[in-house]
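Here's the structure we're looking at; comments come further down.
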Amino acid sequence: MTRFWMALALLLALAAPAFAQAQPPPVPSPSRVAPGGAAAARQRPAGRGGAPAEAAQGDARGGSDEKDAGGAKAADEAAPKGFSNSRMAALFFWVFAGLTIAGALFVITRRNLIAAVMGMVATFFALAGLYAMLYAHFLAAIQVLVYAGAIMVLFVFVVMILNRPEDEPWALQGLLGKGLAGVAILYLLVRLSGVLWAIKDQPHAEMAGPSPPPVAVVVKGGAAEHPGKAPPREDAFGSTRAVGKVLFNQYLFPFEAVSLVLLVAVVGGIAVARPHRDEDHEKKIVVVS
Amino acid sequence: MNDIFYKLTVSHFLILAAVLFAIGTVGVLMRRNALIVMMSIELMMNAANLTILAFARYHGGTAGLEGHSLAFIVIAVAAAEAAVGLAIVVAVFRTRRHADIDRLNLLKN
């Protein structure tokens, strides 16, 4: 039974962005170029889909100053409280918060290590959603990639190495498991083909201008659907470019130091986990347990 | 009363981060499996990151982006910590056939 609830939670975490984007905005056409549209966009139900539009709105209102974080300042003007006031955003906050807490409780209460790791994955996905709600889109992507992708794989590998034969294998067996897997794969294929279908051809002349359009791939319903009318500014708060500018200008040394930390961690991990043979050491370390 | 549910403020995110950090602390203190302890440490780091990002959103502007840089570095350091910590857990398990931190008392008095 717990497996069912965990699978449900995971599915919810994965499908939540889709639902957030599927919400039709009550404002019929949030005009991206009009300066007065910022107030309208502020009331747009913003899950994960609404937040970047809001940031871009504030950006358009703030005019075109070329400072590093001009867009971020403008976005801050547009939403002085810093948080969206719509009910949809609140609903998603509570969903993600519940998932986070539930996953964390799962981690510290389960005896089964794999179950704990799965609760951890749910927590990380929900936290990525929360980061996106906080306008930290770049960090949300990094969270999914690094935590849910890399670190969790590391944990799963170690669990697999350490564990004796598991008392409870994780996979759902029988027809139910196959049906769930089929539905999940079908969903993935539908989303993927939808994205691929929505990609338009872009002429090269548009890319060769002095200021190239920031996104070459135009996804229907995405933020860059009308590139001709209003090319989206990339300096929006929390975007990759804005974070990258700060990271590579002011924080270049910490960034490089982090690369050194990662190198040391790789070497140290290999050195520690390497099986020590007896000919490496004259006397074997006797461990009294 | 409904404002608590419908109007998001920075306090929502901060309280959530505090709860998450508390859960991580309880996991570190109560559990004996070294892997669960490490996962709880990751939870605490994520709670810290959530706090950083909430304040970054609250302040906005360049200061907020500096917070994003800090969160990025925290994530990288957490990855390094996980790699080294898991290597240590694997090494300990190889020599002692368990990863129970209550029984790892070789350095005790």
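Just so it is clear: chains get the letters A, B, ... in the order the sequence lines come, proteins before strands, and each one is counted from 1.
For chain B, the nearby parts of Ala104(A) are the backbone and the side chain; heavy atoms of each come within less than 4.5 Å. Looking at Asn49(B), the atoms closer than 4.5 Å to chain A (heavy atoms on both sides) sit in the backbone and in the side chain alike. Contact annotation for Val146(A): only side-chain heavy atoms (C-beta onward) come within less than 4.5 Å of a heavy atom of chain B. Neither the backbone nor the side chain of Ser259(A) comes within contact range of chain B, judged by heavy atoms closer than 4.5 Å. Residue contact with chain B, scored on non-hydrogen atoms closer than 4.5 Å, involves the backbone and the side chain of Phe155(A) alike. If you measure heavy-atom distances from Leu127(A) to chain B, the contacts under 4.5 Å come from the side chain alone. In this structure, the portion of Val258(A) lying under 4.5 Å from any heavy atom of chain B is its side chain and not its backbone. The part of Tyr147(A) that comes within reach of chain B is its side chain, from C-beta onward, which places non-hydrogen atoms under 4.5 angstrom from that chain. Residue contact with chain A, scored on non-hydrogen atoms closer than 4.5 Å, is absent for Met30(B). Contacts between Thr100(A) and chain B at a heavy-atom distance below 4.5 Å involve backbone atoms as well as side-chain atoms. Proximity to chain B is absent for every atom of Val264(A), based on heavy atoms less than 4.5 angstrom apart.
Contacts with chain A were tallied for Val84(B), Val37(B), Leu35(B), Ile88(B); Leu35(B) has the most, counting heavy-atom pairs under 4.5 Å. The candidate with the highest count of non-hydrogen atom pairs below 4.5 Å against chain A, out of Val28(B), Asn46(B), Val26(B), Ile23(B), is Asn46(B). For the set Val77(B), Val89(B), Leu43(B), the entry with the most heavy-atom pairs within less than 4.5 Å of chain A is Leu43(B). Ranked by heavy-atom pairs under 4.5 Å with chain A, the list Ala79(B), Gly24(B), Ala76(B) is led by Ala79(B). Chosen from Val90(B), Leu86(B), Leu104(B), the residue pairing most often with chain A at heavy-atom distances under 4.5 Å is Leu86(B). Here Val117(A) is the residue among Ile270(A), Val261(A), Val117(A), Thr123(A) with the most heavy-atom pairs under 4.5 Å with chain B.
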task = Go through the steps to decide whether Tyr251(A) and Leu65(B) satisfy the test side chain to side chain contact (heavy atoms under 4.5 Å, CB included), and finish with yes or no.
result = CA-CA 11 Å; Tyr251(A) 290 90; Leu65(B) 289 177; over 6 Å; no
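With a 4.5 Å cut-off on side-chain heavy atoms, Val107(A) and Glu42(B) do not count as touching. Within the 4.5 Å cutoff, the side chain of Leu16(B) has heavy atoms near those of the Ile101(A) side chain. At a threshold of 4.5 Å between non-hydrogen side-chain atoms, the residues Thr62(B) and Gln250(A) count as touching. Residues Leu50(B) and Leu134(A) meet the side-chain proximity criterion, which asks for heavy atoms closer than 4.5 Å.
Checked against the 6.0 Å centroid criterion, the rings of His68(B) and Phe138(A) do not qualify as a close aromatic pair.
Looking only at distances, a side-chain donor or acceptor of Arg31(B) sits under 3.5 Å from a matching main-chain atom of Ile108(A). At least one donor-acceptor pair closer than 3.5 Å links the side chain of Arg94(B) to the backbone N or O of Ala273(A).
How far CE of Met39(B) is from CZ of Arg110(A): 13.0 Å, rounded to the nearest 0.5 Å. Rounding to the nearest 0.5 angstrom, the gap separating the CD1 atom in Ile36(B) from the CE atom in Met120(A) is 9.5 Å. In this structure, Arg57(B) CZ and Phe237(A) CZ are separated by 5.5 Å, a value rounded to the nearest 0.5 Å. Taking NZ of Lys245(A) as the start and OG of Ser69(B) as the end, the distance is 13.0 Å to the nearest 0.5 Å.
In this structure, Phe255(A) and Phe72(B) have parallel ring planes: the angle between them is below the 30° cut-off, well short of the 60° mark.
Residues Leu262(A) and Ala80(B) approach most closely at CD2-CB, 4.0 Å, considering heavy atoms.
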